[in-house]
2 protein chains.
Amino acid sequence: MKNGVGVAINRTGATIVDIARKLGVSAMTVSRALRGSQEVSDRTRRRVLRCAEELGYKPNRWARSLVTRQTSIIGVVVPDISHSFFAEVTRGLEEVVSRAGYNVLLCDSWLDVEKEKAEIEMLVSSMVDGLVIASEQSETSPQVFRKLKDSKIPFVLIDRFFPKQSFLAVVVDDLEVGRLATEHLVELGHTRIAHIQGPPISPASLRHRAYLDALRRHQIEVNRQWVRKGRFDIQSGREAMFALLGTKPRPTAVFAGNDPMGIGALYACREAGLRVPADISVVAAGNIEGAHHPNPFLTTIDWPREELGRAAGSLLLASIQEGSDQATDRVKKFAPRLLVRQSTAPPSA
Amino acid sequence: MKNGVGVAINRTGATIVDIARKLGVSAMTVSRALRGSQEVSDRTRRRVLRCAEELGYKPNRWARSLVTRQTSIIGVVVPDISHSFFAEVTRGLEEVVSRAGYNVLLCDSWLDVEKEKAEIEMLVSSMVDGLVIASEQSETSPQVFRKLKDSKIPFVLIDRFFPKQSFLAVVVDDLEVGRLATEHLVELGHTRIAHIQGPPISPASLRHRAYLDALRRHQIEVNRQWVRKGRFDIQSGREAMFALLGTKPRPTAVFAGNDPMGIGALYACREAGLRVPADISVVAAGNIEGAHHPNPFLTTIDWPREELGRAAGSLLLASIQEGSDQATDRVKKFAPRLLVRQSTAPPSA
DNA sequence: CTGTTAGCGCATTCAC
DNA sequence: GTGAATGCGCTAACAG
């Protein structure tokens, strides 16, 4: 009963109409003033702002979205937010887009391509202004993204490269990752070098390809038995390592496609009674934060993560501002670096 | 020109009106059919569903929100999504709420209480259906949440306890955390036990209190010099440890309030030329995934994280369904457990 | 500089 | 079972 000007009760909050009535102006004027339009006199604007303050007015962003067709929301889809890589990327992304007035609607696909598709659809029909996706779709299945591109909603792929497609993307130079890891082992003097390969997404494939290239470049035997497939998790790394330990001759060094698989490999070695790096060397990739990091501390390849997220945010914002057509197709690639720790050494024999 | 029934061009997508016109029924009937209302004949419903499919109709959730006053969005505020604890909690949370048809709007406060306040306000004015918050507000400053409670928007606090308040919350039993850590050192035979305390949020305070309680219970000297304050990060843990190493006599064991500070403490020991655990023992809390985990591998206290997130989600959903008034004030508390690894041992002397 | 008209897409309320 | 009228809160387009 404080304000006797007829502000309706039982309302969620004050609206521009409430302010307009109280001030005896039109709703349109209030709307303009609130958005800082130049078409309003300073005096009116001040009155409006003051009244809004008093009434505790908060704009209803969804009502606004309904007419402007913009939501100020960025949809983000990751396979696993609890994986430190995606968590850090998301943080960098959130930093950049929130600074620009956008919010992040986060979806975790749990590595499930179908769930991922559903989430992308949901985000599109939620009219997000842009999308950032780390996809689990096989690199040979760019259909989802071709369709998405048709929808004209700007989107940026993270850590994924689709051959022959021109999507906006922010990636790590995975050929360099594979090269660094493999050549590190070569330089230590290894010649029996195995590889635990990841699932059919570009980081795994490119690292594998670089592994093969590096061996060939150094005229080292490529033994098919020494390439095993994993799923980028600890368990599959462990299994792959056991398989590798069963080959004859046995490799003296292993390049695991990512850190979890590298950790799994270390576990397998320990269980098999082998010392790392005395008996066998292991290098991985990702420099993930791993509580399960066993001893020895894993030699790995590192690359920036928050920085990668920020780059994705910037690229997306640029694409949104340019308008959906302009958006020059671009891929931003980050360089990895080798982190030599304790799981690699020259071959013993 | 495929459909000659006058579907407007230049539209974002088909609307219920489009479907209605095409079928010669009212928009209302379409709306009902789409939502599976029982008040529509089977035949009509089928026709509507089929037509919606053909037109690629997607409901506009914001238009719906405008009238239902529900958004199907859960706002989440964390101090640092790249911290594995919050990342894992968020994952568990997302799992539960997404299954119930909600989406997560994620905000990272970067440990900044002002940014946090702004984000909460933003989420409230975005009419989220509920909030989950891991706050950096000092435990003596529950004002933000008292206000939030007045707003009748259901919210759940994570990993934070505000004395004398009755907010919904999901927490770790931090007194038990402190007890486990301290008694582990006591049982190893230590009597000169130091503590590196965290910032003024409940996990830090409760662990500190439990540390004091445990010492008193075992009639061990409480030396004020042996309690130092940190900020829950590596750097402050390192500094605090240096300070502790400068005291005389020097403690033989340290309980670091969380893992980053514990890791910082290990760094300090190494830099000071001390061996852990031979010269000094370190126990921490959190079992974080830490790439920077130095050797020796940190003995710490562990607790469930995704599970904690799921509990927060369930609690929030229940609160949303009960209606804002009913919401019984409840706190769900999880038990921690000790993980003995390599950074603790009996005192050498 | 300000106001009027119209409508974004949907659901509530009440008729029939 | 179905429909018409009405409004959620806001802004675009145009008129003054």
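To find a chain, count down the sequence lines: A is the first, B the second, and so on, and within it residues start at 1. None of the values given here were measured: they were computed from a predicted structure.
Contact between the side-chain N/O atoms of R69(B) and the OP1/OP2 oxygens of dG9(D) is found at a separation under 4.0 Å. Dashed line: the shortest gap from a side-chain N or O of T44(B) to OP1 or OP2 of dT2(D) is under 4.0 Å. For S65(B), no side-chain nitrogen or oxygen approaches OP1 or OP2 of dC8(D) to under 4.0 Å. Considering only side-chain N and O atoms, T29(A) lies under 4.0 angstrom from the phosphate OP1 or OP2 of dG3(C). Between S26(B) and dG3(D) there is a side-chain N or O to OP1 or OP2 distance below 4.0 Å.
In this structure, the side chain to side chain donor-acceptor pair (under 3.5 Å) partners of R99(B), at least two apart in sequence or on a different chain, are E95(B). Residues forming a salt bridge (charged side-chain N to carboxylate O under 4.0 Å, His left out) with D42(A) (at least two apart in sequence, or on another chain): R45(A). By the side chain to side chain donor-acceptor pair (under 3.5 Å) test, S126(A) pairs with R61(B), sequence neighbours left out. Scored by the side chain to side chain donor-acceptor pair (under 3.5 Å) test, E136(B) finds R160(B) as partners (sequence neighbours excluded).
R43(B) has its CZ atom 14 Å from the P atom of dG1(D), to the nearest Å. Separating the CG atom of L34(B) from the C1' atom of dG1(D) is a distance of 17 Å, rounded to the nearest angstrom. R47(B) places its CZ atom 10 Å from the P atom of dT2(D), with the value rounded to the nearest Å. A straight line from CD of Q38(B) to C1' of dT2(D) spans 15 Å, rounded to a whole angstrom. Counting to the nearest Å, the P atom of dG7(D) and the CG atom of N60(A) are 18 Å from each other. Distance D42(B) CG to dT2(D) P: 10 Å, rounded to the nearest Å. Counting to the nearest Å, the P atom of dG7(C) and the CG atom of D18(B) are 15 Å from each other. If you take CG of L23(B) and C1' of dT2(D), they are 13 Å apart, rounded to a whole angstrom.
Panel note: side chain K149(A), backbone S166(A); a donor-acceptor pair is recorded below 3.5 Å. Between the side chain of E94(B) and the main chain of D108(A), a donor-acceptor pair closer than 3.5 Å is present.
Counting heavy atoms from C-beta outward, I19(A) and L23(A) have side chains that approach closer than 4.5 Å. Residues F162(A) and L157(A) have side chains in contact (heavy-atom distance under 4.5 Å, counting atoms from C-beta outward).
Remark on the helix from dC1(C)-dG16(D) to dC16(C)-dG1(D): inter-end axis angle 30°, axes from five-pair C1' superpositions, rounded to 10°.
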Sugar-phosphate or base contact per nucleotide [nucleotides 11-16 of chain C; S, B, -; heavy atom under 4.0 Å]
SB----
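Remark: E307(A) engages R310(A) in a salt bridge, criterion side-chain N to carboxylate O under 4.0 Å.
Ranking dG1(D), dC8(D), dC10(C) by closeness to the S41(B) side chain, first place goes to dG1(D).
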